[in-house]
Amino acid sequence: MNNFQYFNPVRIVFGEGQIKELSNLVPNNARVLITYGGGSAQRTGTLDEVKDALNAEGSKREVFEFGGIEPNPEFTTLMKAADMVNENNVDFILAVGGGSVIDGSKFVALVSHLTEEDSPSSNKVSREKAWDALTSFTKGIDSAIDLGAVLTIPATGSEMNSGGVINYSERQAKLPFGNPLTYPKFSILDPTKTLTLPERQVMNGVADAFVHVIEQYLTYPVNAKVQDAFAESLLKILITEGKAVKANPDDLEVRKNIMWTATMALNGLIGAGVPQDWTTHMIGHELTSLHSIDHARTLTIVLPSLMRELKVSKKDKLLQYAQNVWNISTDTAQDEDAIIEEAIVRTENFFKDLGLPISLADANLDESAIDPIIKQLEAHGMTKLGEHKANDLEVSRRILQRAA
Ligand code: NZQ
Ligand code: ZN
């Protein structure tokens, strides 16, 4: 196991009916900007529930709203939210939604103070400074507005981590960022809020969480027994509960376990002290940026082919994955290649059972889609990916050719 520091300050408030806790969690005299997406928060009544809690008896809060944060949150939209933060002296941002709203709100929290010196009112955020912040992973930012979250879709783990991903369509970029200042002060995880999700989004969430675990597990052994055992458990829960929720979408107990598993998949715990890959995600981001494919679906397209392309460097963990997650016997009589291929096929079948694509063709793309993706990877500096930093553009190209 490698050296590590583990720190996660997020208070999780889990369970049915917990949105009312907002009246105790958000400072009583805060100037709160509620951020949300394209309409589900209003339609499902969650936004009203949030506002009722914030305006509870005795509240001195001023509450503002900013809606319309897109799936794969757009930089240009978020700049308007950041201007609004300044215009209203907002000192607390409350994200109501999924990874897109939470990531977008984290970014707003980080860049809203980057105003233009020479604009008549200093409320306007400098788009250039904000873009520079994003392209430098927001590493240099040393102040942020406090943030809380009400999670409505279990998938990304954004509710309990300090990262995010921002889309900038005009620049054909979808870029990750991370800054410890964006750990939410709290996140409310009410599983009943996920019952209104379309099946597509439920399946996306299971797959995204699954691949998050894989990115932090399927590398090479460092004798990290806790992280490995924990990761394998999360994978097995996602396999069983992913199938269960497809069969019984209204089973709240299944929803509870999926919600908590998705959060634990990317809150830093299983990634502490172990090598991490993230190649699947970096290639996936370009697929979303170029073809607007749902984030999770880009991952299920890439992962099986990445497993095959990198089966030599990942052999030990692929065999461990086969045995401990898929219960495939790895006794010496068996041919290791056959065991690994069986584990990859089981992974593909799991994704297919959830109705997810496992090839570019499943997304109506062919080999002609590969060159532009490779160009984007190069433009975004994604040229030495993976746990050994050895996945160059040629490796990414071969992964995509396998996925064609
Ligand atoms: O926009 P609204 O109307 O709210 O609809 C959303 C959206 O269309 C809908 N939805 C959310 N909750 C709902 C609901 N519909 C009905 N009932 C509900 N309760 O679902 C759609 C997808 O929402 P989105 O937030 O985009 O989904 P997800 O949580 O999967 O987030 C995806 C984004 O997160 C980023 C991805 O790149 C993508 O931009 N990621 C963030 C990560 C992080 N912060 O750690 C890591 C991930 O790997 C990922 O990259
Ligand atoms: Zn993801």
Side-chain angles (χ1 to χ4, degrees), residues 10 19 34-47 49-50 67-75 77-78 95-107 138 147 149-169 173-179 182-184 187 189-216 249 255 258-259 262-263 265-268 271 276-289 292-300 302-303:
V10 180
I19 287 180
I34 305 174
T35 52
Y36 55 91
S40 74
Q42 291 102 319
R43 272 197 319 277
T44 56
T46 301
L47 187 61
E49 199 176 340
V50 164
I69 296 178
E70 309 84 349
N72 308 307
E74 274 297 334
F75 179 93
T77 305
L78 300 170
V96 178
S100 291
V101 174
I102 300 173
D103 287 5
S105 303
K106 288 177 179 178
F107 188 62
T138 69
L147 175 96
V150 174
L151 182 69
T152 65
I153 167 173
T156 63
S158 188
E159 65 278 9
M160 198 176 182
N161 69 38
S162 58
V165 188
I166 303 301
N167 217 33
Y168 199 151
S169 297
K174 181 172 168 70
L175 298 178
F177 70 90
N179 187 305
T182 65
Y183 279 109
S187 287
L189 276 58
D190 176 347
T192 62
K193 296 299 146 202
T194 71
L195 292 168
T196 52
L197 278 166
E199 179 181 281
R200 178 188 183 87
Q201 292 303 342
V202 177
M203 299 300 127
N204 281 353
V206 171
D208 194 17
F210 190 92
V211 182
H212 291 159
V213 179
I214 292 287
E215 299 274 26
Q216 302 167 85
R255 296 290 186 142
I258 289 177
M259 193 167 214
T263 301
L266 198 53
N267 69 355
Q276 300 192 25
D277 185 344
W278 296 103
T279 304
T280 303
H281 266 74
M282 294 307 121
I283 295 174
H285 288 162
E286 304 307 347
L287 267 170
T288 297
S289 169
S292 305
I293 300 171
D294 292 355
H295 169 66
R297 288 162 182 257
T298 68
L299 308 177
T300 57
V302 172
L303 179 64

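The first residue of the sequence shown is numbered 1, and numbering continues consecutively from there. Note: hydrogens, waters and symmetry copies are ignored here, and every other heavy atom, side chains too, is used. Predicted model only: the values in this text are computed from it and were never measured. For ligands, and for the atoms within them, numbers begin at 1 and follow the listed sequence.
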ask   = Tell me: protein heavy atom nearest atom 47 (C) of ligand 1, and distance?
value = His212 NE2, 3.3 Å
task = Kindly confirm or rule out an N or O of Ala155 lying under 3.5 angstrom from an N or O of ligand 1.
result = no
Identity and distance of the protein heavy atom lying nearest atom 4 (O) of ligand 1 = Ser40 OG, 2.6 Å
query = How close does the nearest protein non-hydrogen atom get to atom 41 (C) of ligand 1, and which residue and atom is it?
reply = Asp103 OD2, 3.0 Å
task = Could you name the option among Ile166, Asn167, Asp208, Thr196 that has the heavy atom nearest to atom 16 (C) of ligand 1?
result = Thr196
query = Which residue and non-hydrogen atom of the protein lie closest to atom 45 (O) of ligand 1, and at what distance in Å?
reply = Asn161 ND2, 2.8 Å
query = Do Gly38 and ligand 1 have an N or O pair less than 3.5 Å apart?
reply = yes
query = Counting heavy atoms only, which of Thr194, Asn204, Ile153 comes nearest to atom 27 (O) of ligand 1?
reply = Ile153
The Zn ion (ligand 2): angle it makes with NE2 (His295) and OD1 (Asp208), nearest 10 degrees = 90°
query = Considering only the protein, which heavy-atom contact is closest to atom 26 (O) of ligand 1, and what is its distance?
reply = Ser100 OG, 2.6 Å
inquiry  = Using a plain distance cutoff, I'd like to know if His281 has any nitrogen or oxygen under 3.5 Å from a nitrogen or oxygen of ligand 1.
reply    = yes
message = When you compare ligand 1 with Gly157, is there at least one nitrogen or oxygen pair between them that comes in under 3.5 angstrom?
response = no
Atom 39 (O) of ligand 1 [closest protein heavy-atom partner, distance rounded to 0.1 Å] = Lys174 NZ, 2.9 Å
message = Between ligand 1 and Trp278, is the shortest N or O to N or O distance under 3.5 Å?
response = no
query = Only one of Leu266, Asn267, Asn161 clears side chain to side chain contact (heavy atoms under 4.5 Å, CB included) with His212; which?
reply = Leu266
task = Work out the angle at the Zn ion (ligand 2) between NE2 of His281 and NE2 of His212, rounded to 10°.
result = 90°
ask   = How far is atom 42 (C) of ligand 1 from its nearest protein heavy atom, and which residue and atom name does that atom have?
value = Thr156 CB, 3.7 Å
ask   = To which protein heavy atom is atom 7 (C) of ligand 1 closest, and what is the distance rounded to 0.1 Å?
value = Pro71 CG, 3.9 Å
